[in-house]
Protein chains: 2
Amino acid sequence: MSTAKTDKTSDTGHPAEQDTRVRLLEAAGEVFAERGFHGVQIRDICALAGANIAAVNYHFKGKEGLYREVLKYAHHCAMAVDELQVAIPPDAPAEQKLGVFVHTFFRSMLSGGRPSWNGKLLAREMIEPSAALDDLVMSEITPKFALLRSIVAEMLGVAIEHPAVRWFGASVISQCLFWEHNKPVIQRLYPDLSYSDEQIRFIADHVVRTCTFAMLGARGKLDEYATWPEGKR
Amino acid sequence: MSTAKTDKTSDTGHPAEQDTRVRLLEAAGEVFAERGFHGVQIRDICALAGANIAAVNYHFKGKEGLYREVLKYAHHCAMAVDELQVAIPPDAPAEQKLGVFVHTFFRSMLSGGRPSWNGKLLAREMIEPSAALDDLVMSEITPKFALLRSIVAEMLGVAIEHPAVRWFGASVISQCLFWEHNKPVIQRLYPDLSYSDEQIRFIADHVVRTCTFAMLGARGKLDEYATWPEGKR
DNA sequence: TTCCGATTGAAACAGCCGTTTGAACTTCTG
DNA sequence: CAGAAGTTCAAACGGCTGTTTCAATCGGAA
């Protein structure tokens with residue numbers, strides 16, 4: 001019962017009560033993404049959110065608690081699995097499913113509509129995983145990846161458990177994440193790349209095409225994936 | 001003349017004098033990569049390097065100066081372009097060139113031999129670019145990417161200037177960087193992945209195979225890459 | 001209104017952390 | 001050896017920063 005107060009407001013509460021709470025979350029997400037956990041002072045966050053310094057301690061039980069909640073909030077705002085599953089027509093050809101998946105992924109990651117700090121925040125977690133990453137992998141990433149695996153398996157013409165599915169799944173995701181995670185370098189290499197909606201669609205199309213070629217080319221030649229170095233050592 | 005003392009030792013000095021200096025650089029690189037600039041206390045660095053707390057101020061004029069030098073040091077240790085160009089047989093088939101490129105890339109990025117903190121440090125620059133990133137792109141990344149583009153162009157059967165080259169080049173690099181940049185999540189999704197040398201070779205082989213299939217499949221169908229949204233807007 | 005819990009506010013606290021200090025020690029030069 | 005310059009050391013300083021405190025305010029229930 002010691003955390004009764006904060007728990008009550010963190011779940012679902014009367015909208016008025018959550019006012020400064022969400023303001024804090026959005027402000028924190030922005031600056032955490034920009035400067036990282038250690039690079040940010042809660043005084044800055046509170047100033048940006050128009051809240052008192054004590055508010056973060058009251059609502060989130062400290063800076064770390066705030067960060068944890070920001071991460072959840074970020075992923076919650078990002079592409080939801082449900083949204084994806086709804087968007088994917090169940091009885092369409094696998095290539096079309098892949099197209100929907102990739103395009104949705106790109107849109108939710110790069111398009112300006114959503115809180116734009118999602119990507120940076122998650123990229124930070126990749127480099128410097130916090131305790132919150134485990135929750136994130138379990139609740140958000142695993143189901144999305146499972147969905148992708150089912151599509152890949154269909155395209156390869158094998159069962160989901162086939163070892164090749166893992167690797168071609170990685171090929172798909174890697175080509176999606178690349179454009180977000182390496183933006184600074186990419187924009188320096190290609191100054192004419194502005195990440196407009198049209199360009200994002202163009203890139204997504206390329207990824208879909210590339211992966212389709214790769215997987216169709218690999219069909220029936222998947223023996224090499226049967227023996228995997230195990231890596232126990 | 002105010003910085004005469006430190007300048008004298010930073011350039012080239014008698015080996016005995018640089019002892020704690022390089023020890024400091026290596027220790028700092030390790031922890032900076034792991035926890036980021038703000039997440040690191042110089043007391044930790046000094047403890048790891050077996051140096052006194054005042055040493056970093058004496059040799060580098062402060063924490064920031066140390067970070068700056070660490071970044072230079074990291075670039076210097078990273079995969080050299082020359083090394084790559086030497087390793088690639090000039091008159092081999094393009095697919096073999098790609099194989100050498102990808103394998104060398106993976107080895108220099110993931111294998112334990114080199115200072116293993118290079119990758120993380122550079123990944124941090126992607127998220128939170130410092131002033132040093134421009135130098136990095138110019139001196140290290142651009143020439144490597146140019147080399148890759150020449151290989152890709154050969155495999156696609158087009159000139160280097162062809163717009164498709166850019167995108168397939170990205171497909172190759174993205175699948176390489178993925179395994180380094182997203183290690184934490186990947187290892188959570190696949191606990192049996194230990195990044196042993198054998199596994200790294202396995203992954204690199206997959207990437208080469210995938211990209212080969214994709215590019216061979218795309219040969220002759222590159223019309224769609226001719227019209228690019230320009231993105232001026 | 002009056003009471004009570006939830007929330008906000010200003011100020012102070014506690015301790016961490018980059019930096020500085022000044023002396024001791026080493027090494028080289030004359 | 002004497003002296004100087006370069007380097008290392010332990011200790012302390014200064015201020016930044018997450019947290020706490022406690023009083024003030026708000027909002028609804030009796």
Side-chain angles (χ1 to χ4, degrees), chain A residues 1-29 31-32 34-70 130-132, chain B residues 1-29 31-32 34-70 130:
Chain A
M1 282 297 221
S2 61
T3 59
K5 294 189 227 172
T6 54
D7 280 346
K8 183 178 161 197
T9 59
S10 67
D11 250 346
T12 53
H14 317 171
E17 287 175 354
Q18 291 196 345
D19 236 346
T20 68
R21 209 187 117 91
V22 301
R23 254 185 303 138
L24 234 32
L25 278 175
E26 307 234 7
V31 293
F32 275 145
E34 210 60 47
R35 308 207 291 270
F37 180 79
H38 294 286
V40 161
Q41 304 106 1
I42 60 169
R43 278 170 168 83
D44 292 351
I45 298 176
C46 293
L48 191 65
N52 188 272
I53 315 169
V56 31
N57 251 304
Y58 175 76
H59 286 287
F60 303 99
K61 172 93 183 141
K63 189 184 181 184
E64 267 196 44
L66 173 59
Y67 182 78
R68 208 182 304 271
E69 292 296 321
V70 163
S130 78
Chain B
M1 282 294 223
S2 60
T3 59
K5 296 189 222 170
T6 53
D7 280 350
K8 183 177 161 194
T9 60
S10 67
D11 250 345
T12 54
H14 317 167
E17 287 174 356
Q18 290 197 345
D19 235 348
T20 69
R21 210 187 116 91
V22 300
R23 253 185 304 139
L24 234 31
L25 277 176
E26 307 234 7
V31 293
F32 274 147
E34 209 61 46
R35 308 206 292 268
F37 180 79
H38 295 285
V40 160
Q41 305 107 3
I42 60 168
R43 278 172 169 82
D44 292 350
I45 299 176
C46 293
L48 191 65
N52 188 271
I53 315 170
V56 31
N57 249 304
Y58 176 76
H59 285 287
F60 301 99
K61 172 89 184 144
K63 191 183 180 184
E64 266 196 46
L66 173 59
Y67 183 77
R68 208 182 306 271
E69 292 296 321
V70 163
S130 78

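To find a chain, count down the sequence lines: A is the first, B the second, and so on, and within it residues start at 1. Only a predicted model underlies this, so the values are computations on that prediction, with no experimental measurement involved.
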### Worked verdict on A:Leu25 versus A:Phe60 for side-chain contact (heavy atoms from CB on, under 4.5 Å)
CA-CA 10 Å; A:Leu25 278 175; A:Phe60 303 99; 4.0 Å; yes
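- One interatomic measurement links the two molecules: CD1 of B:Ile45 to P of C:dC17, which rounds to 12 Å at whole-angstrom precision.
- Whole-Å rounding puts the A:Asp44 CG to D:dT17 P distance at 8 Å.
- Using cut-offs of 30° and 60° on the angle between ring planes, the pair A:Phe37 and A:Phe32 is parallel.
- Of the inter-residue distances, the one linking A:Asp44 atom CG with A:Arg35 atom CZ reads 5.0 Å to the nearest 0.5 angstrom.
- Taking side-chain N and O atoms only, B:Thr20 has no distance below 4.0 Å to OP1 or OP2 of D:dT7.
- Nucleotide D:dG18 holds its P atom 13 Å from the CG atom of A:Leu24, rounded to whole Å.
- Put simply, the side chain of A:Arg23 gets close to the backbone of A:Ala49: a donor and an acceptor are under 3.5 Å apart.
- Atom CD1 of B:Ile42 sits about 6.0 Å away from atom CG of B:Asn57, to the nearest 0.5 Å.
- Following rounding to the nearest Å, A:Gln41 (CD) and C:dG18 (P) show an atom-to-atom distance of 13 Å.
- Comparing A:Val40 and A:Ala54 by the nucleotide of DNA chain D that holds the closest heavy atom to each, the one mapping nearer the 5' end is A:Val40.
- One interatomic measurement links the two molecules: CG of B:Asp19 to P of C:dT26, which rounds to 16 Å at whole-angstrom precision.
- The side chain of B:Tyr58 approaches D:dG6 more closely than any other nucleotide in the set D:dG18, C:dT19, D:dG6.
- You'll find that the side chain of A:Lys63 is closest to D:dG18, out of D:dT20, C:dT19, D:dG18.
- When distances are taken from the side chain of B:Ile42 to each of D:dT19, C:dT19, D:dT8, the shortest belongs to C:dT19.
- Recorded end-axis angle for the helix from C:dT1-D:dA30 to C:dG30-D:dC1 stands at 10°, based on five pairs per end and rounded to 10 degrees.
- When side chains are defined from C-beta on, A:Leu24 does not count as touching A:Glu69, because their heavy atoms never get closer than 4.5 Å.
- The side chain of B:Asn52 lies closest to D:dC9, out of C:dT20, D:dG18, D:dC9.
- The interatomic distance linking A:Arg43 (CZ) with D:dG15 (P) rounds to 15 Å, in whole Å.
- As a whole-Å value, the separation of A:Ile53 CD1 from C:dA10 P is 9 Å.
- At the phosphate of D:dT20, OP1 or OP2 sits under 4.0 Å from a side-chain N or O atom of A:Asn57.
- The side chain of B:His59 lies closest to D:dT8, out of C:dG18, D:dT8, C:dT7.
- In this structure, OH in B:Tyr67 is found 9.5 Å from NE2 in B:His38, a value given to the nearest 0.5 Å.
- Between the C1' atom of C:dT19 and the CZ atom of B:Phe60 lies a distance of 16 Å, rounded to the nearest Å.
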